Amino acid sequence: MANQRRVKMVAKQIRRELSDMLLTDKVLKYAVLPEASLGADRYLSSLTTISDVVVSGDLQVLLRPAEVVKVYVSVFGDERGKEVAISGLKAKAKYVRSELGKRMKLRLTPEIRFIPDDSIERGSRVIAILDKLKEERENSGRKDEEEESKSPELSELDEDWDRHGHDEGIIYVN
């Protein structure tokens with residue numbers, strides 16, 4: 001069993017290199033976003049990020065190339081953009097593997113498997129729901145404050161009534 005610290009470092013390095021490749025490598029960029037080859041970089045249909053890299057705990061992935069490194073990819077955009085990005089990455093898996101081997105100077109480079117990950121999208125939906133609940137709570141708090149601002153007038157009348165001693169001639173029976 002390999003050192004857990006080393007496993008984490010290798011996974012982190014693979015993630016860093018793949019993220020850098022998404023930004024700088026033209027072959028990968030065009031595979032993920034075909035519109036970029038047409039010069040349409042301002043109007044992106046999707047945003048692709050590497051959310052996680054999973055390497056086996058014993059680093060056998062690096063010793064046996066038949067093993068797989070799981071790369072979780074988040075694509076934020078419309079459905080068509082997601083499909084194009086994931087299929088483009090899967091089509092270029094062998095290219096990514098060879099480039100990763102050159103960049104990391106590995107003797108044996110593992111097979112790369114890209115897995116769609118919708119955690120960023122789910123997270124943004126949860127944040128939107130929380131923002132909506134917060135807004136509703138603030139709106140209901142304003143309504144309560146408005147009702148409270150009306151009630152002090154009534155409490156002033158009650159205090160006026162008590163100050164003038166209108167209870168004096170009343171007998172209470174239990």
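Worth saying up front: this structure is predicted, and the values here are computed from it rather than measured.
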Intermediate values then yes/no, side-chain contact (heavy atoms from CB on, under 4.5 Å), Tyr95 and Asp25 = CA-CA 11 Å; Tyr95 171 78; Asp25 192 273; 2.7 Å; yes
May I ask you to decide whether Asp52 forms a salt bridge with Lys70, counting only side-chain N to carboxylate O separations under 4.0 Å?
-> no
Electrostatic pair Arg80-Glu83, nearest N-O below 4.0 angstrom =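 Judged by the 4.0 Å cut-off on N to carboxylate O distance, Arg80 and Glu83 do not form a salt bridge.
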Common cluster, Val84/Tyr30, ILVMFWY with side-chain heavy-atom separation under 4.5 Å = no
Should Leu28 and Leu89 be marked as a side-chain contact (heavy atoms from CB on, under 4.5 Å) after you check the CA-CA gap, both sets of side-chain angles, and the distance that decides it?
-> CA-CA 7 Å; Leu28 204 55; Leu89 282 173; 3.8 Å; yes
Stepwise side-chain contact (heavy atoms from CB on, under 4.5 Å) check, Ile112 with Leu100 | CA-CA 10 Å; Ile112 307 293; Leu100 191 63; 3.6 Å; yes
Taking the side chain from Ser74 and the backbone from Thr49, do they hold a donor-acceptor pair closer than 3.5 Å?
->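 No, Ser74 side chain to Thr49 backbone: no donor-acceptor pair under 3.5 Å.
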Checking Ser51 side chain against Tyr72 main chain: does a donor-acceptor pair fall under 3.5 Å?
-> yes
Is there a side-chain contact (heavy atoms from CB on, under 4.5 Å) between Arg113 and Lys90 once you walk through the steps?
-> CA-CA 7 Å; Arg113 181 167 299 150; Lys90 287 180 178 179; over 6 Å; no
Distance, nearest 0.5 Å, that separates [atom1] of [X] from [atom2] of [Y]:
X      : Y      : atom1 : atom2 : value
Asp118 : Arg125 : CG    : CZ    : 6.5 Å
Arg122 : Ile127 : CZ    : CD1   : 12.5 Å
Lys8   : Lys12  : NZ    : NZ    : 11.0 Å
Glu135 : Asn139 : CD    : CG    : 5.5 Å
Glu17  : Met104 : CD    : CE    : 6.5 Å
Lys29  : Leu23  : NZ    : CG    : 7.5 Å

I would like to know whether Lys102 and Glu99 meet salt bridge (Lys or Arg N to Asp or Glu O under 4.0 Å); could you show each step before the answer?
-> CA-CA 5 Å; Lys102 291 175 190 174; Glu99 286 296 310; 3.5 Å; yes
Minimum-distance pair of heavy atoms, taken over all atoms of Met21 and Val96 = CE-CA, 4.0 Å
